[in-house]
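Below, chain A is the first sequence line, B the second, and so on; all start at residue 1.
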Protein chains: 2
Amino acid sequence: MKSPSQPRDRGIPDATVARLPLYLRALNGMAEKAIATVSSEDLAVAAGVNSAKLRKDLSHLGSYGTRGVGYDVEYLVYQISRELGLTQDWAVAIVGVGNLGRALANYGGFVSRGFRVAALIDADPEVVGDDIAGLNVEHIDELEAVIKRRGVSIVVLATPAAAAQEVCDRVVAVGVTSILNFAPVVLSVPDGVDVRKVDLSIELQILAFHEQRKAGGPLMAVDSQ
Amino acid sequence: MKSPSQPRDRGIPDATVARLPLYLRALNGMAEKAIATVSSEDLAVAAGVNSAKLRKDLSHLGSYGTRGVGYDVEYLVYQISRELGLTQDWAVAIVGVGNLGRALANYGGFVSRGFRVAALIDADPEVVGDDIAGLNVEHIDELEAVIKRRGVSIVVLATPAAAAQEVCDRVVAVGVTSILNFAPVVLSVPDGVDVRKVDLSIELQILAFHEQRKAGGPLMAVDSQ
DNA sequence: ATCCTTTTGTGAACCGACGCACAAAGTCAG
DNA sequence: CTGACTTTGTGCGTCGGTTCACAAAAGGAT
């Protein structure tokens, strides 16, 4: 007995949330190809996951499939988008306009999904004032003012490691609770603030570990048949 | 009864491997500050993890601590580095020299930890021949030749989504088994090939989900006290 | 040499996630 | 309307990871 008007649960597992964007991308690809309906099996293949897992994930949002048929692509795109909060417009500020910050500012994948780069901020007087991706780079002194004025709710940190914690403290102080951190440091934040970390060198190190294993690990006596 | 010469296990949990680079970074920071010895508690704080987890992680590598004292910083740096395969030099090729590829090529964090950008490759005749970060950009036609000649074992994909699978197939065909993929596609590879994915827009979407929850989810009747 | 303090390494309980396998629910043909 | 077929949604066993809590080990002081 579930109320159809409130089908989804307050608590969607983190593992599920992390996969929803994957499903969404696969679904968008199908919508472009004018595919109207898709089975969990086909969608699972496109997203690179197990089909039972996919069905369980989707069941957390509600009961949006039709047995014997599958899922309506457009409808599912809408439901997932809404669940992820992509039906609204998110203003993002990028702090740190070095190589990476510049790349992020120009990255098309942001705009395409409800995200809008609303501000570029840097400390270097050399870059401040420059136009990048159609935006004027503003000075770090304006950080708090810009965040408030533009209604920024998500901050991307692309600063050097040494500056990240300080910038983080400042944006948290003006009420930002969602941070995407590219700086190679562990940020400490108060409860209620979400930090997600992307660390290029860590990913490479994990690859190196496995690569080394394949090649015959450290001190490994390879079963050299 | 464990042989002291072969303390480490063949199977280190994936979750542990993913954290080793974190410990390594924290330890390097301590080494720079001339800290000789560190307890699991202090190191855990620096790495942002639970201390019991840290101890269990390290115990998978061997028994490198001293009860009542802690861990020798330099020794632990060496052991983790060796386990991760960072004592050897890894040649990395970056395919796709757009904004992101350029940023990666200039990113200092690679070189610092045993990784060396050995080749830049692109398909656009406009970029081929350019010098970026001291390297000459080579044409995609040379992909296989360059990989073999330079001994590249890890490939970073920073191409547009549409090109990623094809490039992936080609590098796998010449024997590459470690790929770091920045393109927003699910790559399909044969068994034995490791693919790690970094997806900027997915990270933002996950943040948006939580941000929306905090603000009062979709259709949410906020307990507006 | 013995006791006291500190800190490691790990046994064991707990928790969430995964995937199998199946009943329930819907479609479609005749 | 009925029956065969398809595909969803989920109960349940399993597994890997996290955390607590403690015994074992090391060092230093007396």
Side-chain angles (χ1 to χ4, degrees), chain A residues 1-4 6-20 22-23 26-27 30 35-73 75-76 79-80 83 206 209-210, chain B residues 1-4 6-20 22-23 26-27 30 35-73 75-76 79-80 83 206:
Chain A
M1 192 219 279
K2 24 182 173 178
S3 139
Q6 203 179 12
R8 93 195 73 73
D9 206 330
R10 272 304 119 199
I12 297 183
D14 285 349
T16 295
V17 173
R19 281 187 295 266
L20 289 180
L22 222 56
Y23 304 153
L27 285 164
M30 289 171 177
I35 297 171
T37 270
V38 66
S39 70
S40 63
E41 183 57 36
D42 290 351
L43 182 52
V45 169
V49 302
N50 176 293
S51 72
K53 182 153 64 182
L54 178 124
R55 288 196 298 277
K56 192 160 285 184
D57 282 344
L58 294 184
S59 77
H60 285 113
L61 313 189
S63 203
Y64 296 143
T66 306
R67 296 173 193 230
V69 178
Y71 299 89
D72 182 275
V73 174
Y75 186 55
L76 200 50
Q79 291 299 343
I80 295 180
E83 195 64 43
I206 296 171
F209 171 83
H210 291 292
Chain B
M1 189 211 280
K2 26 184 173 179
S3 138
Q6 203 178 12
R8 94 194 71 76
D9 206 330
R10 273 305 117 199
I12 297 183
D14 285 348
T16 295
V17 173
R19 282 187 295 265
L20 289 179
L22 222 56
Y23 304 153
L27 286 165
M30 291 171 175
I35 297 171
T37 270
V38 67
S39 70
S40 63
E41 184 58 36
D42 290 351
L43 182 52
V45 169
V49 303
N50 176 295
S51 71
K53 182 152 62 182
L54 178 121
R55 287 197 298 277
K56 190 155 284 188
D57 282 344
L58 294 184
S59 78
H60 285 113
L61 313 190
S63 202
Y64 296 142
T66 305
R67 295 174 192 230
V69 178
Y71 300 88
D72 182 275
V73 173
Y75 186 55
L76 200 50
Q79 290 298 343
I80 295 180
E83 195 63 45
I206 296 172

**Student:** OP1, OP2 of C:dT8 versus side-chain N and O of B:S40: anything below 4.0 Å?
**Tutor:**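 Yes, within the criterion.
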**Student:** Residues two or more places apart in sequence or in another chain: which of them pass side chain to side chain contact (heavy atoms under 4.5 Å, CB included) with B:L22?
**Tutor:**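 Checked B:L22 against side chain to side chain contact (heavy atoms under 4.5 Å, CB included); matches are A:K197, A:I202, B:R25.
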**Student:** Select one nucleotide: of C:dG9, D:dT10, C:dC18, the one nearest the side-chain heavy atoms of A:R19.
**Tutor:**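 It is C:dC18.
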**Student:** So if I take residues 42-56 of chain B and measure heavy-atom distances to DNA chain C, which residues fall below 4.0 Å?
**Tutor:**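 B:R55, B:K56 - these, ordered by number, are the residues of the stretch whose heavy atoms sit under 4.0 Å from the strand.
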**Student:** Nearest of D:dT7, D:dG17, C:dG9 to any side-chain atom of B:A15?
**Tutor:**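 Taking heavy atoms from C-beta onward, the closest nucleotide is D:dG17.
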**Student:** Can you check each nucleotide of nucleotides 25-30 of chain C against protein heavy atoms at under 4.0 Å and return B for base, S for sugar-phosphate only, - for none, in 5' to 3' order?
**Tutor:** BSS---
**Student:** If a pair satisfies salt bridge (charged side-chain N to carboxylate O under 4.0 Å, His left out) and one of its residues is in residues 47-64 of chain A, list it, with sequence neighbours excluded.
**Tutor:**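 The answer is A:R19-A:D57.
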**Student:** Measuring from A:I80:CD1 to A:L27:CG, what's the distance to the nearest 0.5 Å?
**Tutor:**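 Reported to 0.5 Å precision, the distance equals 5.0 Å.
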**Student:** Are any of A:S63's side-chain N or O atoms less than 4.0 Å away from OP1 or OP2 of D:dG9?
**Tutor:**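 It does, given that an N or O in the side chain of A:S63 lies less than 4.0 Å from OP1 or OP2 of D:dG9.
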**Student:** Nearest 0.5 Å please: distance from the OH atom of B:Y71 over to the OG atom of B:S39.
**Tutor:**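 Taking OH in B:Y71 and OG in B:S39, the distance rounds to 9.5 Å.
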**Student:** Show me the pairs that pass salt bridge (charged side-chain N to carboxylate O under 4.0 Å, His left out) and involve residues 40-50 of chain A, at least two apart or across chains.
**Tutor:**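 Applying salt bridge (charged side-chain N to carboxylate O under 4.0 Å, His left out) to every pair that reaches into residues 40-50 of chain A, excluding sequence neighbours, yields nothing.
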**Student:** Pairs in or reaching into residues 59-73 of chain A: which pass salt bridge (charged side-chain N to carboxylate O under 4.0 Å, His left out), with residues at least two apart or in two chains?
**Tutor:**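 Listed once each, the pairs would be none.
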**Student:** OP1 or OP2 of C:dT7 less than 4.0 angstrom from a side-chain nitrogen or oxygen of B:Y64, does that happen here?
**Tutor:**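 No, outside the criterion.
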**Student:** Any chance you could measure A:L76, atom CG, to A:L61, atom CG, to the nearest 0.5 Å?
**Tutor:**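 Those atoms lie 7.5 Å apart.
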**Student:** If you look at every heavy atom in B:Y23 and B:L43, which pair is closest and at what distance?
**Tutor:**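 Here B:Y23 and B:L43 meet closest at O-CD1, 4.3 Å.
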